[in-house]
Amino acid sequence: RNHRSRTECRGDINRLNAHFLEIYQSLIPPEEEKEKQKQLMALLNKHVTNEWPGARLYLYGSCANSFGFSKSDIDVCLAMGDADVDRSEILLKLADILKSDNLENVQALTRARVPIVKLMDPVTGISCDICVNNLLAVINTKLLRDYSKIDVRLRQLAFIVKHWAKSRGVNETYQGTLSSYAYVLMCIHFLQQRTPSILPCLQGMEITYKVNVDNVECSYFDQVDKLQGFGSRNGESISQLVWAFFNYWAYCHDYANDVISIRMGNLLSKREKDWTRRIGNDRHLICIEDPFEVSHDLGRVVDKRSIRVLREEFERAAEILQYDPNPCVKLFEPY
Ligand code: GTP
Ligand code: MG
């Protein structure tokens, strides 16, 4: 624990509530965007089922996990039923089919880390990436969406954190900073850790949903309607939570030893995960366990340089919320 860590913010942090809620509201996608997404999905579905009658299309990522901003691109997964298909072959075929319709910029990127077909639909103006058989992403999208239904403060906090990360340039995995998915996991973990807790640990409860994908067993309590009001014993406001989130990552998190785990609803140690040394390119400088692929550290992209950038940004955010007279402007200032 750093000497600057605090359990309470200086001054009246609650004065910022209305500001944060306004920012949150302004980022929520309007209903008509959902309609356009459905329209594009229907078009894609027609082509896909025509060529592969057993296949299905799923939305995943921010367009389906409830943490998406207005005007985001959409992520689509083509589930082939058969796990052993040649992905490149499928993607090349799919690109051919879609090119013959009036879709624009159709490209198969078969050598990317996650191979995809990219396209733009001129009718709806939506850009979209389609991958093949990435079912774990579809399932973790459902888990995040289910968490967001329990307490609205998760969605509010994650919107503010994502907006901050995008403004400050620390949402770029190719530059060694964190994915949006990683930031949402950080927010869920943080709300599980409040006292009283604002979110439960769904994977530690009675199992009501269970699927096996790519030899990973994914199971948890998904009857989240029954958890309405779970967090109501905790009265913390959104501005208190935003401050406490940055204060935690700036001054309280033990980067040398701890792993955050929403699966366990707790901290784990790097030692028990065997994440204490660098293996290949995985340095484990900030450790965020994937809820289903438990050997997977979402912090693996972070290197010696970018961990400094990240920690300086967490500290900057905490200091601004603490001391700046006009924090809502400064916090999101472009870097
Ligand atoms: P935006 O920044 O708004 O586009 O957010 P996003 O949630 O779409 O962002 P991101 O590109 O981080 O991830 C898209 C989806 O891919 C996530 O919601 C996850 O379902 C999945 N995903 C991303 N990274 C990983 C990863 O490292 N492991 C796994 N299993 N899934 C991932
Ligand atoms: Mg996305």
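In this text, all values refer to a predicted model and were calculated from it rather than measured experimentally. Indexing begins at 1, ligand by ligand and atom by atom, following the structure's order.
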Student: Taking the basic N atoms (NZ, or NE/NH1/NH2) and the acidic carboxylate oxygens, is any pair closer than 4.0 Å for R311 and E315?
Tutor: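 Answer for the salt bridge query: no.
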Student: Considering residues at least two apart in sequence or located in another chain, which fulfil the side-chain hydrogen bond (donor to acceptor under 3.5 Å, both in side chains) criterion with Q37?
Tutor: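 Applying side-chain hydrogen bond (donor to acceptor under 3.5 Å, both in side chains) to Q37 gives none.
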Student: Between the main-chain N or O of D290 and the side-chain N or O of E293, is there a donor-acceptor pair closer than 3.5 Å?
Tutor: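 Checked: no pair found.
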Student: Which atom names give the shortest non-hydrogen contact between C131 and N134, and what distance separates them?
Tutor: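 Answer, listing the atom of C131 first, then N134: SG-CB, 3.5 Å.
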Student: List the protein residues in contact with ligand 1, where contact means a heavy-atom separation under 4.0 angstrom.
Tutor: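 Residues Y60, G61, S62, N65, D75, A137, N140, T141, K162, K166, S179, S180, Y181, D290, E293, H296, L298, R300 each place a heavy atom under 4.0 Å from ligand 1, listed by chain and number.
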Student: Before we go on, tell me: are the rings of F246 and W164 under 6.0 Å apart, centre to centre?
Tutor: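 Distance test on ring centres: under 6.0 Å, yes.
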Student: Tell me the ring-ring contact (aromatic ring centres under 6.0 Å, His included) pairs involving residues 21-72, sequence neighbours left out?
Tutor: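 As it turns out, the ring-ring contact (aromatic ring centres under 6.0 Å, His included) pairs with a partner in residues 21-72, which skip direct neighbours, are Y24-F159, F69-F159.
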Student: Ion pair present between K142 and D222, side-chain N to carboxylate O less than 4.0 angstrom?
Tutor: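 Yes, K142 and D222 are salt-bridged.
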Student: Do R300 and D297 sit within salt-bridge range, that is, some charged N less than 4.0 Å from a carboxylate O?
Tutor: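 No, this pair does not count.
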Student: Using 4.0 Å as the upper bound for N to carboxylate O, is an ion pair formed by D282 and R278?
Tutor: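 Salt bridge: no.
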Student: How many protein N, O or S atoms are found at a distance of less than 2.8 Å from the Mg ion (ligand 2)?
Tutor: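 Near the Mg ion (ligand 2), the number of protein N, O or S atoms below 2.8 Å is 1.
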